[in-house]
Amino acid sequence: MDFGKIARKWREKWERSGIFEADPDERPKFFATFPFPYVNGVPHIAHAFTFLRNEFLARYKRMRGFNVLLPQGWHATGGPIVSAALRIREGDEKQKKILISCGVPEEEVEKFSDPSYWVRYFPRRWREDFSSLGGSVDWRREFVTTSLNPAFSKFVEWQYLKLREKGLVKKGTHPVVWCPKERKVVGDHDRPDEYAGIVPEESILVKFRQGNIVFPCITFRPETVYGVTNLWVNGKAEYAEIRIGEEVWIVSRSRVEEFLLQKGGGEVVKTFPGSDLVGLAAVNPETGDSVPILPSEFVDPDFGTGVVMSVPAHAPFDYAAFRKAVPEGEPVQVIEVEGYGGCPAAEICGDVTDRETLERLTKKLYADEFYKGVMKVGKYAGMRVSEAREKIASDLLNSGKAERYFVLPERVKCRCGSWTVVNILRDQWFLRYSDPAWKKEVHRCIGRMRFYPPEIEKNLRKAVDWLRDWACAHKHELGTPLPFDRDWVIESLSDSTIYMAYYTVAKYLEHPEKYGIDVNRLKPSFFDYIFLGKGDPAEVSAENSVPEDLLKEMRKEFLYWYPLDFRNSGKDLLQNHLVFFLFHHVAIFPESLWPRSVSVNGWVKVGGEKMSKSKGNFITLREALERWGPDPVRVAEAYAGSPGLDDANFDPEFVKTAAKRLVWFFSRFSELYGSGTEERKEIDDWMETRINKRITEVASLYEKTEYREVIDRLLFDASSDLSWYLKRGGRNSEVLRRFFETHVLMLSPIAPHFCEELWESMGKAGFVSLESWPEAGEVDGKVEEKEELVRTVLEDLRELKKLVKGEWKEVRIYTAKSWKYRARDLARKVEDPVKELMKDSEIRKQGKEVVRFVASLLSAPRGGTLSEEEERSYLTSASDFISSEAGCPVSVVRGDVSESPKALRAEPAKPGIEVII
RNA sequence: GCGGGGGUUGCCGAGCGGCCAAAGGCGCCGGACUCAAGAUCCGGUCCCUUAGUGGGUUCGCAGGUUCAAAUCCUGCCCCCCGCACCA
């Protein structure tokens with residue numbers, strides 16, 4: 001079966017008829033979105049997995065009578081594309097290879113030195129691949145972000161004007177990793193990989209003084225300021241004297257640049273060797289003690305300020321150096337820790353001096369002191385260190401004895417090759433996510449929403465609480481300029497917050513020429529009207545040169561589609577994008593337009609392993625589609641996992657299984673659809689019931705986005721039902737017809753091309769994609785139980801085949817003694833079934849047996865609900881079938897009329913079987 | 001550290017008080033079909049026992065609640081993910 005060919009055929013038909021182009025009508029609507037992906041590469045199967053979780057639901061909802069909108073846009077805002085383009089310009093081979101591995105012809109690679117070329121090239125690729133996959137997307141609403149798309153940019157600008165009006169954006173300062181040579185912020189994508197993820201840490205700079213000379217000491221443990229015995233400098237390093245106003249600061253020479261950036265300026269007076277400082281003294285600002293300045297080779301002149309306060313009682317490095325420098329000196333204990341004596345550092349490190357061990361011990365001691373330690377001296381004596389630290393820090397800061405200072409925990413190289421420093425940006429724009437009133441509204445929004453799976457609500461609420469102000473604009477990146485400060489470009493997460501609203505009118509704004517709109521003339525009033533209903537249509541029309549009727553239509557269309565019904569993304573977006581998305585919706589839109597649900601899925605592994613290029617298990621969507629065809633891939637993606645934080649697993653082996661199952665289904669279909677007889681048997685009732693139950697069950701699985709279960713039901717359970725039905729002699733043409741029709745319908749959201757093909761083979765007009773979900777008929781509870789009885793007998797016979805050798809002459813099947821049925825029923829209703837049963841003189845004869853049976857029933861309820869007559873008559877009617885399996889005649893005997901040991905042992909739902917040899 | 005999610009039989013993965021030795025898939029083993037391979041179909045896949053409906057030991061570890069626990073409670077061990085200015 002050529003899945004690729006079938007898919008192409010139907011994709012063309014869908015496109016020609018435009019069936020996924022959704023416009024408002026009388027039906028209820030359903031609006032689902034997959035967050036626009038960042039288009040610096042091609043889609044792989046993990047993208048497809050997340051997209052399909054929207055797609056499957058969209059197709060299902062369409063069948064439930066909803067007018068479904070599934071649009072798709074592309075994200076290009078931010079730095080990675082810009083820096084990748086730069087690398088191409090610089091001739092970076094690694095970057096070239098990446099492009100070539102995406103399928104870019106080698107001779108075209110050069111074109112990618114222009115960032116805008118990426119934005120033209122990759123969205124096209126994504127669209128092709130998503131279409132090939134069978135995505136039921138309304139492509140008229142496709143768009144890219146950034147100022148390369150003026151219409152979208154206008155929309156983002158409008159949003160920021162609104163936020164500013166509401167006071168939700170403000171200016172502030174912000175520490176960043178900074179390249180002094182290129183004079184720019186160094187994000188992860190601007191560094192060699194090994195430096196990724198390192199960010200500035202806030203520390204306290206304590207100002208030790210000698211007159212107007214300041215010795216700035218960096219510390220993460222301000223509480224130890226009480227235990228300082230001396231300061232350390234590196235005698236072999238170069239230091240500098242910097243004048244700032246009346247003060248003179250001493251900083252190691254290699255840190256001068258960072259220091260000046262963070263202090264906002266100063267004048268380097270002179271430089272000199274660190275050894276010149278040795279022997280001087282400085283005053284501890286907190287205790288007033290004067291402490292000597294001593295040399296230590298442990299001092300890293302490239303970290304912090306190159307001046308360090310020494311706390312030998314609590315810091316292993318200081319202790320090791322202190323012992324050497326001041327053998328007779330006495331460390332000063334300021335923290336008391338359970339399990340340690342008067343000088344914890346001494347105890348823990350003895351006379352160790354090697355750097356590695358000291359580092360390990362430092363970690364341990366710092367942790368012990370923080371969590372278990374209690375302050376021994378100072379204002380907060382008696383308080384736990386974990387509480388005192390913050391208080392001491394803020395006291396020091398407030399009294400001017402210390403300042404905030406940012407340091408990099410490890411050195412970071414810029415891609416240009418220079419070492420970076422920490423800079424403080426002073427005119428950074430922030431979104432005021434810390435605003436409690438704003439947070440409160442977001443929580444209210446969450447309270448009205450539905451989550452898939454429900455547990456993620458907790459994660460989301462936590463993220464809302466933890467969110468601080470967010471630096472929302474950058475420089476030198478792609479995006480939309482901040483309308484009130486055009487040097488800044490709105491950062492990538494910050495322009496992706498309410499764009500789902502843009503989809504509702506994108507079909508107009510992305511094709512303005514068709515509607516006579518000039519997007520360059522659009523003003524905020526236009527968006528005010530469309531999205532907020534503000535303003536007089538006639539005036540808005542005049543101001544924006546958009547016909548009044550069109551304006552009204554757009555407003556209507558927005559209100560038709562909004563709010564968003566469903567948004568599924570990878571779990572990585574939970575704590576950032578999805579939270580921002582909620583914040584901005586509550587800020588801009590009225591409550592009635594807040595999002596209705598959010599869904600997430602885990603990472604996608606391939607064959608049980610994390611997908612990575614180096615492992616060779618990296619599969620692009622295009623590769624997968626070419627290798628296996630869209631429907632098998634879709635089935636395998638559906639089967640890969642359920643909603644939630646757990647990882648999904650795309651199993652290449654399973655794609656083959658999926659294809660085989662589909663082929664199996666197809667060949668059964670070809671053989672049986674339209675064939676069969678009029679004759680109606682009991683097994684037909686069973687099959688009908690199974691079909692009906694499955695319709696209901698699969699519907700609820702789709703609603704819960706449990707697609708893996710859907711595949712289980714449709715591809716495995718259903719086929720085993722069909723096999724059983726055929727084995728039992730089922731051939732009713734109506735039942736067969738219904739089986740195939742309902743299952744094709746139910747499977748169509750996941751394997752749409754395949755199902756279209758079968759639908760057509762059935763002689764049906766129109767697309768299965770536009771059909772309604774099948775109606776579930778009556779479910780007969782007993783018929784399944786009856787059939788289960790036959791299965792039980794068959795399994796037992798199979799066992800006996802192995803054990804009873806010789807030629808079988810006859811098989812007798814015994815129902816249980818009738819008192820056992822009564823006992824079974826009574827055991828469910830009555831407190832003391834034994835007593836009740838014993839009232840019957842016939843039963844009383846069985847005495848002991850009754851007690852034993854009832855006791856076992858109470859400990860393990862069982863026995864079904866069928867009566868003896870029902871069991872016997874059903875088994876009788878199935879006796880031909882059973883006999884053909886047994887290979888000899890079969891008789892069904894009422895348990896009450898036999899004293900055979902097999903009859904005595906029979907129980908309800910568990911007939912006794914006797915083989916006559 | 002803070003926060004979140006988990007540990008189920010060879011693997012993946014359901015189950016979340018009793019019909020649970022535990023669905024389904026994959027893998028593996030046997031059989032049928034075939035010249036053969038593949039595909040397909042049938043059967044098996046914790047151990048023991050047995051003319052089946054029986055027993056034993058299992059669901060990270062250790063306790064506890066209950067007539068009854070993979071499922072509830074307590075403690076412990078282990079694994080994964082997020083912690084930001086970045087897509």
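Numbered from 1 within each chain, the chains take letters A, B, ... in sequence-line order.
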Using a cut-off of 6.0 Å, state whether more than 12 heavy atoms not belonging to A:Trp466 lie near its atom CH2. no

Look at all strands and tell whether A:Thr77 reaches a base, only sugar-phosphate, or nothing, counting heavy atoms closer than 4.0 Å. sugar-phosphate

Distance, C1' atom - from B:rG44 to B:rG5, rounded to whole angstrom: 37 Å

A:Lys693/A:Glu784 ion pair, N-O < 4.0 Å: yes

Measuring only the P atom in each nucleotide, how far is B:rG43 from B:rC61? A whole number of Å is fine. 34 Å

Which part of the nucleic acid, if any, lies within contact of A:Glu477, taking any heavy atom under 4.0 Å across all strands shown: a base, the sugar-phosphate backbone alone, or nothing? sugar-phosphate

Should the side chain of A:Asp796 and the base of B:rG52 be counted as holding a donor-acceptor pair, with the cut-off at 3.5 Å? yes

Classify A:Gln575 by what it touches in the nucleic acid, base, sugar-phosphate, or nothing, heavy-atom distance under 4.0 Å. sugar-phosphate

Are A:Glu201 and A:Phe406 packed together at the side-chain level, in the sense that at least one heavy-atom pair is separated by less than 4.5 angstrom? no

Shortest non-hydrogen separation from A:Pro632 to A:Ala658 and the atoms involved: O-CB, 4.0 Å

Report the distance from atom CZ of A:Phe583 to atom C1' of B:rA84, rounded to the nearest whole Å. 13 Å

Which is true for A:Ser723 with a 4.0 Å heavy-atom rule: it touches a base, it touches only sugar-phosphate, or it touches nothing? nothing

In whole Å, what is the span from the CZ atom of A:Arg432 to the P atom of B:rA84? 22 Å

If the P atom of B:rC19 is compared with that of B:rG38, how far apart are they to the nearest Å? 40 Å

For the residue pair A:Phe583 and A:Trp438, does the interplanar ring angle fall in the parallel (under 30°), tilted (30 to 60°) or perpendicular (over 60°) class? perpendicular

Using the side-chain heavy atoms of A:Trp470, tell me which of these nucleotides is nearest: B:rG27, B:rA84, B:rU53. B:rA84

Among B:rA51, B:rC86, B:rU40, the nucleotide that comes nearest once only the side chain of A:Lys902 is considered: B:rA51

Look at the rings of A:His584 and A:Tyr160 and say which category their plane angle falls in: under 30° parallel, 30 to 60° tilted, over 60° perpendicular. tilted

Nearest-neighbour nucleotide for the A:Tyr639 side chain, B:rA39, B:rG25, B:rC81 considered: B:rG25

Assess whether atom CD of A:Glu202 is packed by more than 12 heavy atoms of other residues, nucleotides or ligands within 6.0 Å. yes

Do you see a donor-acceptor pair shorter than 3.5 Å between the side chains of A:His577 and A:Arg567? yes

Just to be sure I understand the rule, does A:Asp469 reach a base, reach only the sugar-phosphate, or reach nothing, if contact means heavy atoms closer than 4.0 Å? base

B:rC47 and B:rU57: how far apart are their P atoms, nearest whole angstrom? 16 Å

Only pairs with both distances under 3.5 Å count, Watson-Crick or wobble alike; so what is the partner of B:rG52 in this structure? none

Quick check for you: among B:rG52, B:rA51, B:rA23, whose closest atom lies nearest to any side-chain atom of A:Val915? B:rA51

Does a nitrogen or oxygen in the side chain of A:Lys458 sit under 4.0 Å from OP1 or OP2 of B:rG5? yes

Which whole-number value in Å describes the distance from A:Asn649 CG to B:rA14 P? 12 Å

Hey, does the side chain of A:Arg798 come within less than 4.0 Å of B:rG43's phosphate (OP1/OP2), counting only N and O? yes

Measuring only the C1' atom in each nucleotide, how far is B:rU50 from B:rU71? A whole number of Å is fine. 31 Å

Determine the contact category for A:Gly79: base if any of its heavy atoms lies under 4.0 Å from a base atom, sugar-phosphate if only primed atoms, P, OP1 or OP2 are that close, otherwise nothing. sugar-phosphate

Nearest-0.5 Å distance, CG of residue A:Asp717 to CD of residue A:Glu709: 9.0 Å

Which label fits A:Phe580 and A:Tyr433: parallel for a plane angle under 30°, tilted from 30 to 60°, or perpendicular past 60°? tilted

Sugar-phosphate, base or nothing in reach of A:Pro911, heavy atoms under 4.0 Å: base

Go ahead and name the base partner of B:rG63; Watson-Crick or wobble counts if both distances stay under 3.5 Å, otherwise write none. B:rC73

Any base atoms under 4.0 Å from A:His474, or only sugar-phosphate, or nothing? Heavy atoms, all strands. sugar-phosphate

So what does A:Asn459 hit on the nucleic acid, given a heavy-atom distance under 4.0 Å: a base, only sugar-phosphate, or nothing? sugar-phosphate

Heavy atoms under 4.0 Å, any strand shown: does A:Phe654 hit a base, just sugar-phosphate, or nothing? sugar-phosphate

Just to be sure I understand the rule, does A:Leu467 reach a base, reach only the sugar-phosphate, or reach nothing, if contact means heavy atoms closer than 4.0 Å? base

In terms of side-chain heavy atoms of A:Glu491, which of B:rA51, B:rC85, B:rC81 is nearest? B:rC85

Would you jot down, in residue-number order, the residues of residues 800-816 of chain A having a non-hydrogen atom under 4.0 Å from RNA chain B? A:Leu800, A:Leu803, A:Val804

Report the nucleotide, chosen from B:rA51, B:rC41, B:rC86, that has the shortest atom-to-atom distance to any side-chain atom of A:Glu914. B:rA51

Is there a side chain to side chain contact (heavy atoms under 4.5 Å, CB included) between A:Asn40 and A:Trp118? Walk through the geometry before answering. CA-CA 7 Å; A:Asn40 61 341; A:Trp118 294 62; 4.1 Å; yes

Under 4.0 Å, heavy atoms only, any strand: does A:Ile711 hit a base, just the sugar-phosphate, or nothing? nothing

From the set B:rC81, B:rC85, B:rG13, return the single nucleotide nearest to any side-chain atom of A:Arg708. B:rG13

Using the P atom on both, measure B:rU8 against B:rA14 and round to a whole Å. 11 Å

Between B:rG10 and B:rC59 - P atom distance, rounded Å: 12 Å

To the side chain of A:Trp603, which of B:rC85, B:rA23, B:rC81 is closest? B:rC81

Nearest-Å distance once atom C1' is located in both B:rC83 and B:rG17: 38 Å

Mind calculating the distance between CG (A:Leu574) and C1' (B:rG82) to the nearest angstrom? 9 Å

For the side chain of A:Val185, starting at C-beta, report the closest nucleotide among B:rA14, B:rC86, B:rA51. B:rC86

Starting from P on B:rG38, measure out to CH2 on A:Trp664 and report it in whole angstrom. 22 Å

Please classify the nucleic acid contact of A:Arg461 as base, sugar-phosphate, or nothing, using heavy-atom distances under 4.0 Å. nothing

Counting any heavy atom closer than 4.0 Å, what does A:Trp466 reach on the DNA or RNA strands: base, sugar-phosphate only, or nothing? base

